[in-house]
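Here the structure is laid out as structure tokens; the discussion comes afterwards.
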Amino acid sequence: MGDHAMANNHEHKVDHLDQPFYGPPVLPPVEPPSAAAARRRCVADPYALCCRAIRVLTIVVIAVGVVALVLWLVSLPNALKAYVDSAELTRFELGGSDGAKRGQLLRYNLTVAVSIRNPNRDQAVLYRRLEAVVLYSGERFGYVDFPRTRQGRKSTMVIRPSFVGQGVLAGAAAFGREKEEGFFNINVKLHMRVRLKVMVFVDSVEYRPDVDCYIRVPDPSNATAVAMGFTATRCRVDDFM
């Protein structure tokens with residue numbers, strides 16, 4: 001009886017296997033492409049190469065920017081220093097009218113020597129614009145433009161603007177008093193547009209520091225004042241802000 005039961009079970013299993021299967025087909029497992037095949041496909045695809053190059057370039061640019069920012073924060077620049085070392089008037093006369101009766105004519109010949117000191121040891125100064133302006137009694141009567149130039153680290157640069165000509169001076173009230181004293185109070189200004197060279201290929205943003213120099217220049221017609229001479233004067237310079 002046991003042999004008969006085992007035979008029935010075997011027949012039942014065979015009948016079950018012989019029944020049709022109506023489920024979805026069973027697909028063999030798909031193996032992922034190898035790394036070598038992926039690399040070959042990227043090399044053969046120009047678009048993939050372009051994307052990779054842009055990605056690498058972006059990473060490099062960001063890295064350089066971060067390094068430049070860190071270096072900039074670590075070594076913040078000091079303001080320039082400026083001095084008027086000498087000033088000479090060979091002519092400073094007031095008289096006559098300009099014809100339109102706007103004021104009196106001021107005839108002048110003034111030469112000054114201004115030394116500009118860059119105290120920074122890590123940044124050179126690139127002068128994109130450098131203009132010297134001279135004023136008397138708050139009125140501008142002359143200016144000189146200088147070409148673009150570069151000033152090295154921890155160095156001193158000397159400029160010598162010469163102001164020659166004539167101009168209309170509307171307010172001449174102080175002229176007579178200062179002529180009697182033997183010294184004229186003159187204001188020399190420097191207007192700048194500069195960038196700081198932080199790294200070989202990295203420049204700072206543009207700064208516009210102004211320089212104000214208030215000087216007392218001897219009247220060339222006053223022998224006593226000329227004998228006393230000119231006193232070197234320190235100028236006020238704006239910070240790099």
Side-chain angles (χ1 to χ4, degrees), residues 50 53-88 108 110-165 167-168 185-217 230 232-241:
C50 183
I54 293 176
R55 188 182 304 115
V56 171
L57 181 61
T58 302
I59 293 174
V60 171
V61 170
I62 293 175
V64 171
V66 171
V67 171
L69 179 61
V70 171
L71 292 176
W72 180 257
L73 293 176
V74 169
S75 57
L76 290 174
N78 296 314
L80 299 174
K81 300 181 186 299
Y83 301 85
V84 178
D85 300 318
S86 64
E88 182 182 7
Y108 55 89
L110 170 66
T111 302
V112 297
V114 183
S115 59
I116 305 172
R117 175 70 179 172
N118 175 19
N120 298 290
R121 66 176 184 177
D122 298 320
Q123 298 96 1
V125 182
L126 307 177
Y127 292 88
R128 301 302 185 188
R129 178 196 173 207
L130 180 56
E131 178 189 59
V133 179
V134 62
L135 304 95
Y136 180 71
S137 293
E139 299 182 46
R140 167 174 155 169
F141 63 86
Y143 71 94
V144 175
D145 280 323
F146 293 90
R148 292 186 175 188
T149 187
R150 180 184 186 276
Q151 184 178 8
R153 302 173 177 88
K154 293 189 74 65
S155 64
T156 301
M157 177 179 68
V158 180
I159 59 174
R160 293 180 173 84
S162 293
F163 308 95
V164 182
V168 178
N185 295 303
I186 297 175
N187 180 208
V188 178
K189 289 179 176 286
L190 301 181
H191 300 303
M192 306 177 183
R193 289 208 312 263
V194 302
R195 290 180 183 271
L196 301 179
K197 177 66 73 173
V198 182
M199 300 176 65
V200 178
F201 300 106
V202 180
D203 294 347
S204 72
V205 297
E206 187 174 87
Y207 298 99
R208 299 191 178 191
D210 283 337
V211 178
D212 274 325
C213 308
Y214 295 92
I215 57 178
R216 282 171 52 85
V217 187
F230 174 80
T233 306
R234 182 171 181 173
C235 307
R236 184 189 65 80
V237 184
D238 292 340
D239 292 330
F240 289 114
M241 299 296 292

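Residue numbers count from 1 along this sequence.
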query = What residues form a side-chain contact (heavy atoms from CB on, under 4.5 Å) with Ser86, not counting sequence neighbours?
reply =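 With neighbours one apart ignored, the set is Ala113.
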| With Tyr214 via side-chain contact (heavy atoms from CB on, under 4.5 Å) - residues at least two apart |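 Expected list: Asn187, Asp212.
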Please name all residues satisfying side-chain hydrogen bond (donor to acceptor under 3.5 Å, both in side chains) with [X], sequence neighbours left out, ordered by chain then number.
X      : value
Glu131 : Arg129
Arg216 : none
Tyr127 : Gln151

So [Y] and [X], do their side chains get closer than 4.5 Å, heavy atoms only?
X      : Y      : answer
Leu196 : Leu126 : no
Ser162 : Val144 : no
Val194 : Pro209 : yes
Val112 : Pro161 : yes
Met192 : Leu80  : yes

Requested in this report: Take atom CZ of Phe146 as the centre, draw a 6.0 Å sphere, and report whether it contains more than 12 heavy atoms from other residues, nucleotides or ligands.
Outcome: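 Yes, the 6.0 Å shell around CZ holds more than 12 heavy atoms from other groups.
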Expected output: side-chain [X] to main-chain [Y] donor-acceptor under 3.5 Å:
X      : Y      : result
Asn78  : Asn120 : no
Arg153 : Asp122 : yes
Asp238 : Asp210 : yes

Gap separating the [atom1] atom of [X] from the [atom2] atom of [Y], nearest 0.5 angstrom:
X      : Y      : atom1 : atom2 : answer
Asn185 : Tyr136 : CG    : OH    : 7.0 Å
Ile159 : Leu130 : CD1   : CG    : 4.5 Å
Arg234 : Cys213 : CZ    : SG    : 11.0 Å
Cys235 : Lys81  : SG    : NZ    : 12.0 Å

Given the options Val133, Val211, Asp145, His191 meets side chain to side chain contact (heavy atoms under 4.5 Å, CB included) only with Val133
Determine the minimum heavy-atom distance between [X] and [Y], stating which atoms define it.
X      : Y      : answer
Arg150 : Ala124 : NH2-CB, 3.5 Å
Val168 : Glu139 : O-OE1, 3.9 Å
Phe230 : Ile215 : CE1-CB, 3.7 Å

Contacts of Tyr108 meeting ring pair (Phe, Tyr, Trp, His ring centres under 6.0 Å) (sequence neighbours excluded), chain-then-number -> Phe141
